[in-house]
Amino acid sequence: MHPLQKKRLEYIPQIPSLLLKPNEVVFTRKLQERKGASHLKHLFPKTWEQRGAELVAGNGRKTPLRIGLFFSGGQAPGGHNVIAGIWDTIQRISTSSQLIGFINGPAGLIEKKWRYLKGGEIDEVRNMGGFDLIGSGRTKIETPDQFSACLQVCNELTLDGLVVIGGDDSNTNAATLAEYFLVNECPTKVVGVPKTIDGDLRSDEIEMSFGFDSACKTYAEMIGNIARDAKSAKKYTHFIKLMGRSASHITLECAIATHPNLALIGEEGKNLEAIVAEIADLIETRKGQGKEYGVILIPEGLLEFIPEMKALIVELNQLLAKGETQESLKQKNKTLFYSLPSKIQAQLLLERDSHGNVALSQIETEELLIELVKEELGRRSFKGKFSPVAHFFGYEGRSCYPSNFDANYCYALGCMAALGIRDEMSGALCAIQNLAQDQEAWQCSLVPIVQLMQMEERKGMQKPVIAKALVNLESKPFLHFAKNRESWKFDDEYQNPGPMQFFGEKEITDTVPFTMR
Ligand code: FBP
């Protein structure tokens, strides 16, 4: 075993001491009024009324628990620590407690594919990246048969609780399952854990989804290296697409960490022409300074924010959901579609996932921009050298070692999920406030998922879903970025954060994301 792997396995996550004494704490409902859209009340009659809960001192129940869990959606560093946190907590409550892992995501629950998870194998994945202990999947639980299969499996396995470790779509699944179980008098409680490197599962109470910190640190290291290489070789303009399905949080975080020459933030809503002109201007001006190189960050979700591309994607989604083709597009969208390079056309038509999302990670936006910028420079009779290199950083950041922050955060989330189930909370998401502070200041609560939901069009129909948190253009991190980006364009203030650190000075090992501070 690699010595680093050995060292990481031995790392003890730092969490609020309260969470280590499950018998001395309880989740208690908060007194404040419930929040959330009242038009969802009829869809969630049982869970809509529920208020959030906070962890306070009290006598916790000591009876053994049987908990099932699954990972859902894309990998995010720290997932295994959620499992470790659940396991350790239920063992601290009673050594007769049992943990069941459903295999390959929600499909494992529907198809009754599961196995007991035991201490020994959990010890082997503590502080490790990936979801390989039980796998993950993107199946949406939506048909009446799927709901009734889930209920039957939870009843047969006599589960006290089910933990859904997932992002916005997966926790939408958690909310609908919780409601269905309550309506049908199934005793299994459903608790969610906020996972996604995209960082878009956020609210006033959910300061961050797990995995974002580790993924951004991995990408920032790579961007920093490329920037240094660009400045040394002085011959390439690097177009780097960064994962993060819709929101541009990852790009913003990495931009603040590395100071690229340009970082596009989808939420600014620029049209394609303006984006291409901005890049061409950058290249021309830098050429004037003798700098025929550069680094440009592109968020994976950019296309969905470009007004004309968004209209095209929305119409395509509707047509594909009805089994129709691009030939039925309205004229304006059709003209745009056929004006795109054929590779991009094919990528726009790729199969949607079971939640109706377009496969943005597969669309080569970086290549599209390179092509359009080449054309634009041609129109401007640009005389300099433009040698673009395209990169996509995505999967490399999803299963890396979790940072100390994610290792700690995930272990704490796992402890909370187990306690939430013991205290019979359902349809709630684990949330920790004050994450940027020392662990003893962390405040642990459960947020009703329905509070985070709204109606959106999916696969051509209005569906209740958790609203994705986009980059707030009024927020401190964005304003910091906006204030500095002009000088980053031309002054090459590249930062090189280097590899994520686990040992040594706390100010290097235990940093939290810039966009969370
Ligand atoms: P989740 O929202 O499920 O966490 O997934 C995030 C993500 O990594 C996105 O950033 C990306 O667009 C997508 O998954 C890629 O999905 P896939 O693994 O199916 O290619």
Side-chain angles (χ1 to χ4, degrees), residues 70-80 82 104-107 129-132 134-141 164-174 192-203 206 208-219 240-254 266-267 297-305 313 317 347-348 350-366 391-400 402 406 409-410 413 429 449 452 456 458 465-471 513 515:
F70 59 78
F71 287 125
S72 187
Q75 284 66 250
H80 288 140
V82 177
N104 296 340
F131 284 178
D132 43 292
I134 48 173
S136 184
R138 289 197 185 276
T139 305
K140 182 170 171 61
I141 304 171
V164 175
I165 305 167
D168 50 344
D169 288 331
S170 317
N171 278 296
T172 296
N173 265 341
V193 173
K195 168 239 72 165
T196 177
I197 62 160
D198 296 358
D200 58 2
L201 178 47
R202 270 192 235 187
S203 69
I206 298 154
M208 184 52 72
S209 54
F210 82 73
F212 176 82
D213 183 54
S214 316
C216 289
K217 282 181 170 142
T218 303
Y219 303 142
I240 307 175
K241 183 177 79 164
L242 293 166
M243 218 177 219
R245 192 197 299 280
S246 282
S248 309
H249 298 293
I250 293 181
T251 298
L252 179 60
E253 175 70 25
C254 291
E267 284 82 343
L297 304 187
I298 303 156
E300 180 183 279
L302 183 72
L303 288 187
E304 279 193 330
F305 287 105
I313 292 172
N317 286 349
Q347 290 161 354
L348 279 168
L350 286 173
E351 197 185 340
R352 275 45 184 163
D353 72 9
S354 65
H355 299 269
N357 299 306
V358 63
L360 283 172
S361 62
Q362 307 302 313
I363 301 178
E364 293 172 349
T365 316
E366 64 284 21
H391 309 259
F392 170 36
F393 297 162
Y395 299 101
E396 343 10 30
R398 297 203 311 185
S399 290
C400 61
D406 274 326
Y409 181 34
C410 289
L413 289 169
L429 198 55
I449 302 176
L452 310 172
E456 274 179 28
R458 293 291 172 98
V465 293
I466 297 179
K468 277 190 202 301
L470 303 179
V471 168
T515 45

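Whatever order the structure lists ligands and atoms in, that order sets their numbers, starting from 1.
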4.0 Å heavy-atom contact, A76 with ligand 1
no
Less than 4.0 Å is my threshold; does some heavy atom of D198 fall inside it relative to ligand 1?
yes
Quick one: does any side-chain atom of [X] pair with a main-chain N or O of [Y] as donor and acceptor, under 3.5 Å?
| X | Y | value |
| --- | --- | --- |
| K241 | G394 | no |
| N173 | K140 | no |
| E366 | I298 | no |
| S136 | G74 | no |

So if I count the atoms of ligand 1 from 1 in the order they appear, which ones are less than 4.0 Å from some heavy atom of [X]?
| X | value |
| --- | --- |
| G73 | 3 (O) |
| G74 | 1 (P), 3 (O), 4 (O), 5 (O) |
| S361 | 12 (O), 15 (C), 20 (O) |
| K195 | 1 (P), 3 (O), 4 (O) |

Counting non-hydrogen protein atoms only, what is the nearest one to [atom]? Give residue, atom name and distance.
| atom | value |
| --- | --- |
| atom 11 (C) of ligand 1 | E300 OE2, 3.4 Å |
| atom 20 (O) of ligand 1 | Y395 OH, 2.5 Å |
| atom 16 (O) of ligand 1 | R138 NH2, 3.0 Å |
| atom 2 (O) of ligand 1 | T196 OG1, 3.4 Å |
| atom 8 (O) of ligand 1 | R398 NH1, 2.9 Å |

Stepwise, does the side chain to side chain contact (heavy atoms under 4.5 Å, CB included) test hold for H249 with D200?
CA-CA 7 Å; H249 298 293; D200 58 2; 4.1 Å; yes
Is any NZ, NE, NH1 or NH2 atom of the basic residue among D198 and R245 found under 4.0 Å from an Asp or Glu carboxylate oxygen of the other?
no
Does Q75 have any side chain to side chain donor-acceptor pair (under 3.5 Å) partners at least two apart in sequence or in another chain, and if so, which?
none
Restricting to ring pair (Phe, Tyr, Trp, His ring centres under 6.0 Å), what partner residues turn up for F131, sequence neighbours left out?
F71
